[in-house]
Amino acid sequence: MQIIKYSFEIHGDERGQLVALEEFKDVPFDIKRVYYMYDTVEGVTRGYHAHRALEQILICVHGSCKIRLNDGSETQIVVLDKPNEGLYISNAVWREMFDFSSDAVLMVLASELYDESDYIRNYEQFLKYVKGE
Ligand code: T46
């Protein structure tokens, strides 16, 4: 599985840092939704699902967390701990987010509006989905 991480340009000056994200320029899709999670309870793992169509970019804009990705054949763990770094997750990838630092803010840019029917929340169903069964 290829891990795609973006290093976004930092517009820094003596006042501090600024990162700007534009659809189809810094991000490879139309940004239809932004959401973020914070105050994640210690030891919690979120996610445990894949998406049929959704593409996303995860950015840990503060603190750190880890993302476990599984495409049906292999698993990889990615650390997110830089506010200018984005992890691209395509559709049909099982994801779990864990090991959140207490100050972590995980922001997500999404290619589609929220749609519960796009979720595959059962791992066995996910494996069948990626095998085309
Ligand atoms: C994903 C990972 C990285 C909404 O009402 N609208 C939204 O846009 C989202 C994302 C969630 N919700 C509601 C649905 C649930 O009642 O917020 C609640 C928590 O959502 P969920 O349990 O799906 O959250 P995570 O952290 O397990 O997963 C989320 C995204 O849902 C998912 O698409 O890829 O973050």
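In each ligand, atom 1 is the first atom listed, and ligand 1 is the first ligand listed.
- In this structure, Arg33 forms no cation-pi arrangement with Tyr114, as its terminal cationic atom is not both closer than 6.0 Å to the ring centre and no more than 45° off the ring axis.
- A tilted orientation is assigned to the rings of Trp94 and Phe126, their planes being inclined by 30° to 60°.
- Around atom CZ of Phe98, more than 12 heavy atoms belonging to other residues, nucleotides or ligands sit under 6.0 Å away.
- A 4.5 Å side-chain heavy-atom check between Ile57 and Pro28 finds at least one atom pair inside the cut-off.
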Mind listing the N or O contacts between ligand 1 and protein, cut-off under 3.5 Å?
unit_1: ligand 1; atom_1: 8 (O); unit_2: Arg33; atom_2: NH1; d: 2.5
unit_1: ligand 1; atom_1: 23 (O); unit_2: Arg121; atom_2: NH2; d: 3.4
unit_1: ligand 1; atom_1: 24 (O); unit_2: Arg46; atom_2: NH2; d: 3.4
unit_1: ligand 1; atom_1: 26 (O); unit_2: Arg46; atom_2: NE; d: 2.7
unit_1: ligand 1; atom_1: 26 (O); unit_2: Arg46; atom_2: NH2; d: 3.3
unit_1: ligand 1; atom_1: 27 (O); unit_2: Gly47; atom_2: N; d: 2.9
unit_1: ligand 1; atom_1: 31 (O); unit_2: Tyr119; atom_2: OH; d: 2.5
unit_1: ligand 1; atom_1: 33 (O); unit_2: Tyr35; atom_2: OH; d: 3.4
unit_1: ligand 1; atom_1: 33 (O); unit_2: His51; atom_2: NE2; d: 2.6
unit_1: ligand 1; atom_1: 33 (O); unit_2: Tyr119; atom_2: OH; d: 3.1
unit_1: ligand 1; atom_1: 34 (O); unit_2: His49; atom_2: NE2; d: 3.3
unit_1: ligand 1; atom_1: 34 (O); unit_2: Gln56; atom_2: NE2; d: 2.6
unit_1: ligand 1; atom_1: 34 (O); unit_2: Arg95; atom_2: NH1; d: 2.8
unit_1: ligand 1; atom_1: 35 (O); unit_2: Tyr35; atom_2: OH; d: 3.2

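- Contact check for Ile59 versus Leu21: side-chain heavy atoms found under the 4.5 Å cut-off.
- Contacts classified as side chain to side chain donor-acceptor pair (under 3.5 Å) and involving residues 17-31 (residues at least two apart or in different chains) are not found.
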